[in-house]
Participant: 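First the structure, then my questions, so here it is.
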Amino acid sequence: MGHEVPIDHPDYGKLYICSCRLKRVQSDQQNALFEFSNLGSLRDLTFETFKPRGRVGLASQQAASLQQAYNSARHFADNCQGWLLLTGTYGSGKTHLAAAIANETLNRGVPTLFLTVPDLLDWLRFSFSSDSESSFESRFAEIRNVAVLILDDFGTQSSTAWAQEKLFQIINHRYISQLPTVITTNYRFNDFEGRIRSRLTDPEIVTRVDILAPDYRNPTDEVGHPELSTLNLHNKQQFDTFSLRANEPGMLAEDKASLKHALDIAQAYAKNPQGWLLFQGPYACGKTHLAAAIGNYQAALGAPPLFVGVPDLLDYLRAAFAPNSTQSLDKRFDEIRSTRLLILDDLDTQSATPWAREKIYQLFNYRYVAELPTVMTTSRQPSELDQRLFSRLSDTRLCQVVYMSAPAYTGKSTRKTHK
């Protein structure tokens, strides 16, 4: 039908959908867009169902990274300009935010295609089949030119030469054309193919947000890391069971003072874990007791940390190489390095292999850059550790070193009992 307007009106002679059919037509268009989008079961993943600060108990840096990712995703959905790269471990919220962007843009009538990268490649391969309704060329052009493209789980695809080349062609075309694109990945950035990495590092086009939060669906923090954490073996090591050894024979006043100082610092840290805390002193002086007491205090609040001895941690990582392992080394390492509160007992890298020293350094460096709460114990002088670790432990802005000079605890005292 046409509008009743004067002959000189710009709408004169134009046909418009009747108001009685407009809602039906708009609904059909919307359904067609959603069918094209490949969102499927992700229709319920919206900005309204996302928790911008994550679960209760996240470290401030983890919650802040989620908030930044949420804000960036919102901004992208509102403007549909540039690229958004979301990185983080499994279950950190990347896919939810990517799907929320798709749902938002589709609701506004913007053609949007949501594909996991393995599905994208399968979609292209299927176009060679005689059963395919569209040719490879038309399907490939559809992906390259769609108004908004969202590539989920980038890096999990087959690394064949054909797959790498097709992905590069898509990335390169959208980069040159500056077409709005969202990419999520748990890949280490340096592991991207060089040509793709160079485009993803262009700050003029790409906004990169690193999500530091752990797996929301199965947060290892909340279940206490049952495969790795040994905190349950230290359940008796609480603050109220820590002995200041006031009546122990041979104890010097400065040794007693060091214990009291360490206890005060540990109790304050347990209430508000921020930065790094290193307990250093001779064997059996109480370092592990205080580290475990911090962990038990946090566990009582409903947020068990990961408490692990460094030798056990390295064995856990090595086990990923076993033929029957159900987890990759990368997944295990990501869970450990991004955990909300990490307590490392018995830090000593002197006899470690080069591989082990490198993994400990990578763990340190990640948590140092992210400023994630970390408690450590060592009987070594900090300067005797790997120099890369020492340089980070020397940063007084982040790390507090607490020296406990007391000798090994024997449990004996001169306290008299009264009958």
Side-chain angles (χ1 to χ4, degrees), residues 32-43 45 73 76-77 80 82-106 110-189 191-200 202 205-209 328 330:
L33 277 175
F34 272 103
E35 185 176 350
F36 168 77
S37 73
N38 201 52
L39 265 177
S41 61
L42 304 181
R43 292 280 296 270
L45 297 183
F76 181 95
C80 289
W83 287 20
L84 178 62
L85 173 63
L86 299 174
T87 75
T89 190
Y90 302 91
S92 60
K94 307 183 303 296
T95 296
H96 190 141
L97 288 174
I101 291 171
N103 281 303
E104 185 74 17
T105 54
L106 287 166
V110 180
T112 302
L113 186 57
F114 183 103
L115 287 167
T116 65
V117 174
D119 286 347
L120 179 153
L121 295 171
D122 286 344
W123 207 36
L124 290 177
R125 292 185 186 102
F126 182 73
S127 65
F128 293 118
S129 167
S130 58
D131 297 329
S132 176
E133 296 180 357
S134 57
S135 67
F136 171 83
E137 288 76 14
S138 63
R139 185 162 289 182
F140 194 55
E142 193 173 47
I143 296 170
R144 292 201 307 174
N145 296 308
V146 67
V148 175
L149 177 63
I150 298 176
L151 299 177
D152 192 35
D153 274 349
F154 199 100
T156 60
Q157 71 280 349
S158 166
S159 58
T160 65
W162 180 87
Q164 290 287 355
E165 191 59 31
K166 293 300 119 186
L167 285 175
F168 170 70
Q169 289 172 1
I170 292 170
I171 293 292
N172 191 52
H173 175 80
R174 297 187 68 84
Y175 175 80
I176 293 172
S177 305
Q178 297 191 16
L179 296 173
T181 305
V182 178
I183 296 174
T184 79
T185 185
N186 52 47
Y187 230 36
R188 290 189 296 262
F189 206 67
D191 290 340
F192 280 110
E193 194 267 341
R195 297 173 299 174
I196 293 176
R197 183 173 64 245
S198 70
R199 285 149 181 80
L200 294 179
D202 184 348
I205 295 179
V206 182
T207 298
R208 174 184 172 184
V209 181
S328 67
D330 287 345

Participant: Does some side-chain heavy atom of L151 sit less than 4.5 Å from a side-chain heavy atom of I171?
Facilitator: yes

Participant: Can L120 and R139 be said to form a side chain to side chain contact (heavy atoms under 4.5 Å, CB included), step by step?
Facilitator: CA-CA 10 Å; L120 179 153; R139 185 162 289 182; over 6 Å; no

Participant: Would you say T95 and D152 are linked by a side-chain donor-acceptor pair, where the criterion is simply a distance under 3.5 Å?
Facilitator: yes

Participant: Restricting to non-hydrogen atoms, name the atom on P111 and the atom on A147 that form the minimum distance, rounded to 0.1 Å.
Facilitator: O-CB, 3.3 Å

Participant: Between E165 and R195, is there a side-chain N and carboxylate O pair less than 4.0 Å apart?
Facilitator: yes

Participant: Starting at OG1 of T181, measure out to CD1 of I170 and round the result to the nearest 0.5 Å.
Facilitator: 10.0 Å

Participant: Take L84 and I101 through the test side chain to side chain contact (heavy atoms under 4.5 Å, CB included) and record every step on the way to the result.
Facilitator: CA-CA 11 Å; L84 178 62; I101 291 171; 3.8 Å; yes

Participant: To the nearest 0.5 Å, tell me how far W83 CH2 sits from R208 CZ.
Facilitator: 14.5 Å

Participant: Show, in sequence, the C-alpha distance, side-chain angles and deciding distance for L200 and Y175, and conclude whether the side chain to side chain contact (heavy atoms under 4.5 Å, CB included) test is met.
Facilitator: CA-CA 9 Å; L200 294 179; Y175 175 80; over 6 Å; no

Participant: Would you find a donor on one side and an acceptor on the other, under 3.5 Å apart, between the side chain of R174 and the backbone of P180?
Facilitator: yes

Participant: Would N145 and H173 count as a side chain to side chain contact (heavy atoms under 4.5 Å, CB included) if you check the C-alpha gap in whole Å, the side-chain angles of each, and the deciding distance to 0.1 Å?
Facilitator: CA-CA 8 Å; N145 296 308; H173 175 80; 2.6 Å; yes

Participant: Any sub-3.5 Å donor-acceptor pair from T185's side-chain atoms to D153's backbone N or O?
Facilitator: no

Participant: To the nearest 0.5 Å, what is the distance between OG1 on T207 and CG on L85?
Facilitator: 9.5 Å

Participant: Rounded at 0.5 Å granularity, tell me how far CG in L149 sits from CD1 in I183.
Facilitator: 8.0 Å

Participant: Keeping the roles fixed (side chain from K166, backbone from L121), state whether a donor-acceptor pair exists under 3.5 Å.
Facilitator: no

